[in-house]
Structure formats: C-alpha cells, structure tokens
Amino acid sequence: MTSQQERTSPQVYPPPPDLAAHAVAQAELYERAGADRLAFWAEQARSLLTWETEPTQTLDWSGAPFARWFADGRLNVAVNCVDRHVEAGHGDRVAIHWEGEPGDRRTITYADLAREVKKAANALLSLGVQQGDRVALYLPMVPEAVVAMLACARIGAPHSVVFGGFSADALRSRVDDAQAVVVVTADGGYRRGAPSPLKANVDEALADRARGGGSVRKVLVVRRTGQDVAWHDERDVWWHDVVDAASEEHEAPALEAEHPLFVLYTSGTTGRPKGILHTSGGYLTQAAYTHRTVFDVRPESDVYWCAADVGWVTGHSYIVYGPLANGVTQVMYEGTPDTPTRERWWEVVERYGVTLLYTAPTTVRTFMKWGADLLEGHDLSSLRLLGSVGEPINPEAWTWYRTHVGSGRTPVVDTWWQTETGGIMISPLPGVTTTKPGSAQRALPGICTAVLDDTGVPVADGGTGYLVVTEPWPGMLRGIWGDADRYVETYWSRFPGRYFAGDGARLDEDGDVWLLGRVDDVMNVSGHRLSTAEIESALVSHPRVAEAAVVGASDDTTGQAVCAFVILRADDGSPPVGEEDTEALVAALRAHVGREIGPIAKPRQVLVVAELPKTRSGKIMRRLLRDVAEGRETGDVTTLADSSVMGSIRAGLGGSAADG
Ligand code: PRX
C-alpha cells in the first residue's frame, strides 16, 4: 500500500507562509524537546496548566512500565478546563456552540459551563458519589455529557464513558468491570432522525442483578428526547430535578497529579475490553499541549470543531480536556452528517465560522462519495486547518479533504495516537512541516518513537516494521483497570522496555512515518476499534453457531469492514440450512452481534462455511480468510493442517465471497 501511496502522491505541501511566520509551534520546539525532554515537559506542565501545588518532580520511572508524572503536584482538572478561564475574565467567551440533530441550538459560555459543572458536582455528591468512586456515563452528544465528565473530574470520581451506540450487554460488562456506583444517561439522543433507547438500555443492563450491574446505586437521567421511559423510583433521578436544584457553589479539591481521571474501555486482542486508565496532571498536560500546537490554536479567535463522539478517546482529549484547558470556543454537534441533508456539516461550518476541523478519514471518504458539489454552495472560507484521526488516511482522501474542504489552501494534519497514548503522538506541526498526503510524519516534540524489525532493531529509512514508543510520555496510560499483568503483557512484552502500539509502520526515505494499520487482531472500522475476538465470542454465544472467525476486510469507505465466517452447530436440532434460510440466519446473526456489542460491530458479511482454515496447532489463519473476504487469490496455504479447506470454502461460497 505504501509504495503505491507514494507513487500516486508526489505532491508535498509546505506550510502557508503566514501560518509558518506566526505559528504557535515553531521548529525550535523540536530542538528544545530534543535537548532535554523532561525539562521540556515540565515547562509545558507549568505554562499550560494552573497548579494548586506546582510539581517539582517530572517523571518517576522507577516502577517501569508504570509511570508517575508530576507526582508531587496538585491540581483540579475541571478548574483548569473551566474556572480559571472565568477568573481570567473570559466568562463571556462561548465554550460550546451546541447543535442538536433536529436543529435545536444552545450557546454555553465559560461562565455558564462553570455554573453547570459546579451544580452537577454537587448533585453527584448528593447522590453519594465519593472521591475515587467510578461513574459510568452513557450519553448522547449533548452538553450534559461534557458537564458530567467535568463534574466527575472536579470531585475526583473517575468517569467511564460508554459510547451511546453500545448495547445494554456491553454497558453492563463495563459498569461491572469498573464497579460504577452511578450511571449518568439520557432518555435518548438523536441519530439519523431517530431517538436512541439509552435509558431503556440502562434499565436492561441493570435489570437482573444476578447478571451484573449490582454496584450501581443511582441513575441520573438527562431529558433529551422526551420519549417515554420506565422509571425506578428508588434508583432513578432526573438531571433537571437534582442538578438544577443543586448549589452553584462548589469548592474544588486540589487532587494529586496521579489521581485517576478516567477509565475508557477499548478493544484488545481478546474478547474482553480493556479499561484504559488515565490520570490527571500528565494527561491534561499532553492534551493541552498537543491540541495547542497541532491545531495552532488561538483561543481568542478560533472556532474549533472536533466531530468525534465523547464516547471515544478523541472526544475525551479533543472535545473535552484539550480544547477546554486551552479555553477555546468549539462546536458540538449531536447527530450524523446526512441529517436532515448531506449538507449539514457545511451549514454548521458556515453558521459558526468554524476555523479548525478535526474528523476521521472514513467521514472524508463518505463526503467524497457524496460528491464535492454538496460543498459548493457554502462559504467555507473560515476554515484554516484540517485534522484527521483514527485510521490511516489514504492520499486520495487527504488530497480531496485539502482541495474541497480546505479550498486548496489549508494545511491537513494527520494525527496518529491511541486510547492508550492519551493524546496525539505523531503529527505534522502545521507551521513547520511540509506535509505529504497519507503520512503522519514525525513524532511531536517531546515524543520518541521508532519502527523496529522483528528482532527489535530499528529499521533504516525506507524500512517497514512495528511502531513503538521508546520513552515514557505524560499522557500515557497508567495501566489497565484491575489488571496490572495484562498491561505489562499487552504493551511491554513484545519489545522489552518499549511500548508496542500494535501498529505496523514504514519509514520513508526522509524518515517520515506512514501508518500501515494494525498488526494484531484488532480491526479499525470507521475509525472505531473493534476486536475480532470480541465479535467471535458474540457470534458463538448464538445457539446456532459452533465456531466463528472474524477478519477485517478492506472497505473503500469504512477503512475496514467486519467479515465473519461461521460454522453452524450440527447438534442443535435445527433443520440443515438451505439456501432460502441462510439469509434469515445471517440477518439473525448480525442482529445478535448488534445486541451483544452494538450496531457498529455488526458484520458487513456473514459467510456460513463448513470448515475454517487452521494451522496444525489449531490457530485460525485469518490471513487466508482476509484473502477470501477481499476477493483475492489465497496466499500461501502450506502451513494449513488441511490444505483442501480453502478450496471448499471458496466452492461453498460460489466464488463470490467478496460480495457477501
Ligand atoms: O491503528 C491505529 C489507528 O487507531 C488505533 C487506535 O484506536 P483508538 O484507541 O480507538 O484511538 C483512535 C483515535 C486516536 C491505532 O492503533 N489510528 C489512529 N490514528 C491513526 C491511526 N492509524 C493511522 N493513522 C492515524 N492517524
């Protein structure tokens, strides 16, 4: 893929001269960070954040790979994101221009936000939440999601945001793993014109205490859609009752820099999601620093829009913590880009004069598919910088983004990072870097990465290998919730002393990084991380499925698509599957995965097969299944226990597997 990328994109883009001359981040940043990395980070922490007690220590790596940053410092994250801007005289500055999918709008200033966060903090305390308790948030993209996260941060109760598109089962397992004491939710939210059943999912997740959810004492419910919801008087409370009635006075405690800020579950290579733990001072330092330098942020004039969901790490670091720590004005939009029309985004950009836009390649490819003429009637001249995140951006999409959204003049920054890294790690600096479409380019000042070969030796420029981070960084995860061993094993065992990200990468002749996608059993669908094992275990929990193998197949729009191969049970008493009921069964299995995990995990294709390709030791050879799913000739089959299996899979699929 890479050589082709480079062939099709000889064009490079130097920074616009006016941006380069006045950019927040200049080239000397690399030199300063290179000369003394820890002093550089200490300086960022001091200059970007307000500390109750300034840290004198920077990094404690004595417990490696468990890091402590700024450990003797004390601060309050919510105060840094809200109160201090009001105190500095910016209370009237808009923090959030919010737009609901049906077209309703709210304008929230920093002064408003400060008031709401304090009230919500008092409300959580009145519900019995104590410092250190976990609070699960299962919310649509409404301002209350930001308020609830900041209220948790304010009282030191780590939040665990569960994406609103996840199912009741997925919510229950996350609530259980973190032992959350309160769930904050809404009756529903709007997506593609329809209200989602959030409260109903919470009810289902908590219905049967024998199955889980037993830690939850209260459910705090935002009224968003007004739809009917079941009510449990002893457990459920309305946001508008308890938060609206709460006091506007709340004194924020000064918490230790290493106080847990949040847990965010993400898919790994096993069936069980991992609770990624982030703490306060280091995480906020990196979120603020990267947001400011990568987006060249001018809080007094920019209107920033990160079109992610707060349920993912991008929403945590680049809707809530980074932008608010930097005191910017931002747009928050509830719904999908095609509701009510496919011009919704460009209307939003025009209405608020958005200057900085951050989204995922899958969205850019969707806009490409819809056609550039949809943008033409709109004034997009306010845009001055575009960002990309979540998956490799192909040069065609990158170039289209710059040409049509950026009117051929804005820099595009492709930002590589992960839930685990907390903030951006590899990205151009818009005033410094000459960008190459499709490359994330260089580690940011203060971040040290390398690409290693199989034996752990750094590859030379032009080489391909595994992306690692070679030095600890402030926003790094502090562990996996409740599973220290898994943290060490997952990230630090493949290359001892190096953080292994799970991505393959190539260095080009200039040493710039080109991401090649995951090298493990993690898929990336529309920039969302999904585990093959998690979907396989959802499939085999269906009574008709004996065995399942899931692969991520290339998809023009979503990057990868979930493709499942299933073997049916012979012993369940059901009649053999004929042509006519395969379709119904496939639909049932897709729906089952949707229920077990969430609609985003539904396979694009489910292929019923008689056998799966396995090695002699019984490991499924996903590489071969990927060949089938992508309609390619099958690669090397010599390590298969039974080399005829691939032939029978293809024959059984009538040679048209890729069409599903
Ligand atoms: O494979 C990489 C891909 O997304 C993974 C991280 O997913 P998640 O933790 O959900 O965080 C997504 C948002 C930061 C990575 O291991 N990825 C993320 N950004 C890029 C990327 N792949 C290529 N280029 C990127 N810019």
Side-chain angles (χ1 to χ4, degrees), residues 1-2 5 161 163 165-166 262-269 273-278 283 286-287 290-291 294 306-319 321-322 358-365 386-395 397-398 401 412-428 435-444 447 449 451 466-469 475-477 480 490-491 499-506 512-532 534 552 558-560 600-601:
M1 174 155 157
T2 308
Q5 283 174 338
V161 183
F163 173 55
F166 278 127
F262 65 85
V263 178
L264 181 59
Y265 287 83
T266 189
S267 297
T269 52
K274 308 176 281 208
I276 302 299
L277 172 65
H278 283 287
Y283 168 82
Q286 191 167 342
T290 53
H291 179 255
V294 170
C306 168
D309 190 286
V310 290
W312 307 109
V313 75
T314 306
H316 284 59
S317 301
Y318 298 106
I319 292 178
Y321 294 110
Y358 193 27
T359 189
T362 186
T363 314
V364 175
R365 289 192 296 265
L386 307 174
S388 174
V389 61
E391 48 176 326
I393 182 162
N394 46 311
W398 192 107
Y401 195 22
V412 174
V413 289
D414 174 19
T415 63
W416 177 87
W417 59 294
Q418 309 178 298
T419 306
E420 291 87 339
T421 69
I424 299 170
M425 302 290 277
I426 302 180
S427 166
T435 50
K436 301 173 183 171
S439 171
Q441 308 215 256
R442 281 182 72 179
L444 287 177
I447 302 294
T449 60
V451 177
Y466 303 95
L467 180 64
V468 297
V469 186
M476 66 191 284
L477 74 164
I480 294 177
T490 307
Y491 304 106
Y499 169 85
F500 175 42
D503 282 293
R506 179 173 182 277
D512 285 323
V513 179
W514 296 71
L515 273 306
L516 300 175
R518 303 287 304 194
V519 296
D520 52 14
D521 295 330
V522 171
M523 294 170 291
N524 195 323
V525 179
S526 299
H528 300 151
R529 232 163 112 169
L530 295 170
S531 135
T532 54
E534 206 179 337
T558 59
Q560 284 188 307
I600 47 163

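All ligand and atom numbering here is 1-based and tracks the order in the structure.
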Check against side chain to side chain contact (heavy atoms under 4.5 Å, CB included), H528 and T362: CA-CA 10 Å; H528 300 151; T362 186; over 6 Å; no
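Summary of contacts: the protein heavy atom closest to atom 23 (C) of ligand 1 is P392 N, 3.1 Å. From the protein, the heavy atom lying nearest to atom 11 (O) of ligand 1 is T419 N, 3.7 Å. Atom 10 (O) of ligand 1 has R529 CD, 3.3 Å as its closest protein atom, hydrogens excluded (heavy atom only).
No option in I426, T290, T314, L444 other than T314 meets the side chain to side chain contact (heavy atoms under 4.5 Å, CB included) test with W417.
For atom 19 (N) of ligand 1, the candidate residues are G422, G390, S427; the nearest heavy-atom contact is made by G390. Ranked by closest heavy atom to atom 16 (O) of ligand 1, the top entry among D503, T314, T421 is D503.
Close contacts between ligand 1 and V389 involve ligand atoms 13 (C), 14 (C) [criterion: under 4.0 Å to a heavy atom]. For ligand 1 and N524, the ligand atoms under 4.0 Å from any heavy atom of the residue are 3 (C), 4 (O). For ligand 1, the atoms closer than 4.0 angstrom to any heavy atom of R518 are 1 (O), 15 (C), 16 (O).
The shortest distance between side-chain heavy atoms of V364 and T359 falls below 4.5 Å. The shortest distance between side-chain heavy atoms of W416 and D503 falls below 4.5 Å.
Classified by interplanar angle (parallel below 30°, tilted 30° to 60°, perpendicular above 60°), the ring pair F500/Y466 is perpendicular. The aromatic rings of F262 and H316 sit tilted relative to each other, their planes meeting at an angle between 30° and 60°.
The shortest N or O to N or O distance between D414 and ligand 1 is below 3.5 Å. Residue-to-ligand polar distances place E391 within reach of ligand 1: an N/O pair is separated by less than 3.5 Å.
At a heavy-atom cutoff of 4.0 Å, ligand 1 is contacted by the backbone of T415 but not by its side chain.
A donor and an acceptor atom, one from each side chain of Y499 and T421, are nowhere located under 3.5 Å apart.
You'll find the ring centres of Y265 and F166 outside the 6.0 Å limit.
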